[in-house]
There are 2 protein chains.
Amino acid sequence: MAYELFYWPGIQGRGEFVRLALEAAGAKYVDVALEAKGLQRMQKLMADPKLARPPFACPFLVDGKKIIGQTPLILHYLGPKLGLAGTSEADRLWAHQVQLTLADFAVEAHDVHHPVGSSLYYEDQKPESKRRAQQFREIRLPKFMQWFETILERNAKPRIPRLVGSRLSYPDLSLYQVVEGLRYAFPKASAKVLRKTPRVLALHEHVAGNPRIAAYVTSDRRVRPNEDDLFRNYPELDG
Amino acid sequence: MAYELFYWPGIQGRGEFVRLALEAAGAKYVDVALEAKGLQRMQKLMADPKLARPPFACPFLVDGKKIIGQTPLILHYLGPKLGLAGTSEADRLWAHQVQLTLADFAVEAHDVHHPVGSSLYYEDQKPESKRRAQQFREIRLPKFMQWFETILERNAKPRIPRLVGSRLSYPDLSLYQVVEGLRYAFPKASAKVLRKTPRVLALHEHVAGNPRIAAYVTSDRRVRPNEDDLFRNYPELDG
């Protein structure tokens, strides 16, 4: 049976980290919100009073009778099934640790344009965003990217930069997505940082060249970046 | 061999979620930063260029040769070993999902006093904090607490409110800690919300009455709440 991914339509958002793993593995999945009445089905499921263990938010994955929320947990669950979590238990734990750090970074990238609250529009928190963006560009962005560079550098095994072991893993795909998002949202700031992280760049290039990923990102299934998404291009926040 | 927990001294912070699990299980552990030269040892380990898989930040746990970062992952790893992750694989995944949501909430509670950036002092971001605090009190705090109440309500099995199955689990301990933190940081706002979440309150009471937890929180090992911590009492942010 195909996996069912429940997530908001119209944005890449957190759902994209899951989509990239499913696409790279060539797994069968249904992006439920894109189907007729899919969004209604998602909202009905989340509000179902008979559901003993409802997810707090989307994305969530339905695999038969299992319902799994929280992006890093979805990937932790799918990773071994899709062959994207290394080859040992230690690899699997490490992949999860890296993904949790990528998830923390995604929150920070989001909160650049929503430092006061996600219930308000960006337009209602522009001065706060401008201050937070400076902190993000100067401190947080280099700190996270340097950590990714360091762990790529110390993973001596593979010829190609890999975050986990010597094969493609789901954190590799997520780091690719983060670089895509950063280049869209912060073209100047990300160019500056990426000049100092050649292995992150090489990983990004390699994932972009993966035939399944290349086919996916040029397909209609890939949502185009936009200003309702996690990564948003507001030039005033790029310094 | 005893577990070694590496975390900043002087605050409860994220380390406390791990400490509560270790304490409730009566597990042997060393709080490394409290030992002579412990903090130096932590910083040396994090900066060790020979460490192939360094954690991005503390807390991290050392268990023999394993080094595990990210609070929810530490608890996911320890949970079954400590008998605090339910009794089935489904329970273990659910415990992790709940913990990841608690971790998301902890970030939001922290960012109330640091909406611009964690490198700046609170005093340098007071107007922004005031706006974020309002959003937190009125929208985020009730939303998260209502979700915890709902999942406690739907867990029909136990006589005592439990987040996972019918026995004490590490998310129960973390939710206890969150209630403690909220009452310290937002006495007015949390009292208002907790009136509507009787099961969360009952869970808190029950954990507080656990003999090991009661002994721990009155011991010298428990750091007292303070304004360097995750939960901070700034009356102007309590509405």
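A note on names: the letters A, B, ... follow the listed sequences, proteins ahead of strands, and every chain is numbered from 1.
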By a 4.5 Å heavy-atom criterion (distance strictly below it), what part of B:Leu163 contacts chain A: side chain, backbone, both, or neither?
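Interface part for B:Leu163: neither.
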B:Leu93 portion near chain A, given a 4.5 angstrom heavy-atom threshold
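Its backbone and side chain both get close to chain A.
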I need the residue from [options] with the largest number of non-hydrogen atom pairs under 4.5 Å to chain A.
| options | result |
| --- | --- |
| B:Pro72, B:Ala52, B:Pro49 | B:Pro49 |
| B:Val98, B:Ile67, B:Ile74, B:Leu51 | B:Leu51 |
| B:Glu153, B:Gln135, B:Gln125 | B:Gln135 |

[X] versus [Y]: any side-chain heavy-atom pair under 4.5 Å?
| X | Y | answer |
| --- | --- | --- |
| B:Val116 | A:Lys130 | no |
| B:Val107 | A:Glu108 | no |
| A:Glu128 | B:Arg132 | no |

In Å, rounded to the nearest 0.5 Å, how long is the span from [atom1] of [X] to [atom2] of [Y]?
| X | Y | atom1 | atom2 | result |
| --- | --- | --- | --- | --- |
| A:Arg140 | B:Ser118 | CZ | OG | 4.5 Å |
| A:Tyr77 | B:His96 | OH | NE2 | 14.0 Å |
| B:Leu73 | A:Trp94 | CG | CH2 | 10.5 Å |

Is chain B contacted by the side chain of [X], its backbone, both, or neither, given a heavy-atom distance below 4.5 Å?
| X | value |
| --- | --- |
| A:Leu100 | both |
| A:Pro55 | both |
| A:Ser129 | neither |

Check B:Arg154 against A:Pro54 and note the closest heavy-atom contact, atom names and distance.
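Here B:Arg154 and A:Pro54 meet closest at NH1-CG, 3.6 Å.
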Run the side-chain contact (heavy atoms from CB on, under 4.5 Å) test against A:Leu201 and tell me which residues pass, sequence neighbours left out.
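For A:Leu201 the side-chain contact (heavy atoms from CB on, under 4.5 Å) partners, ignoring immediate neighbours, are A:Arg183, A:Leu194.
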Restricting to side-chain contact (heavy atoms from CB on, under 4.5 Å), what partner residues turn up for B:Ala2, sequence neighbours left out?
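Testing B:Ala2 for side-chain contact (heavy atoms from CB on, under 4.5 Å), a comparison that skips the adjacent residues, returns B:Lys28, B:Val30.
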Among the options A:Gly117, A:Ala133, A:Pro115, pick out the one with the most heavy-atom pairs lying under 4.5 Å from chain B.
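Among A:Gly117, A:Ala133, A:Pro115, the one with the most close pairs to chain B is A:Pro115.
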Determine the option with the most heavy-atom pairs under 4.5 angstrom with chain B, choosing from A:Thr101, A:Ile68, A:Val112.
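Winner by heavy-atom pair count: A:Thr101.
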Is it true that atom CZ of B:Arg199 has more than 12 heavy atoms of other residues, nucleotides or ligands lying nearer than 6.0 Å?
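Yes, CZ of B:Arg199 has more than 12 neighbouring heavy atoms, counting only those of other groups under 6.0 Å.
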Salt bridge flag under 4.0 Å for residues A:Arg53 and B:Asp91:
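Yes.
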So which residues of residues 143-150 of chain B are in contact with chain A at a heavy-atom cut-off of under 4.5 Å?
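So the qualifying residues are B:Lys143, B:Phe144, B:Trp147.
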Heavy atom to heavy atom, less than 4.5 Å: which residues from residues 170-179 of chain B reach chain A?
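Residues in range: none.
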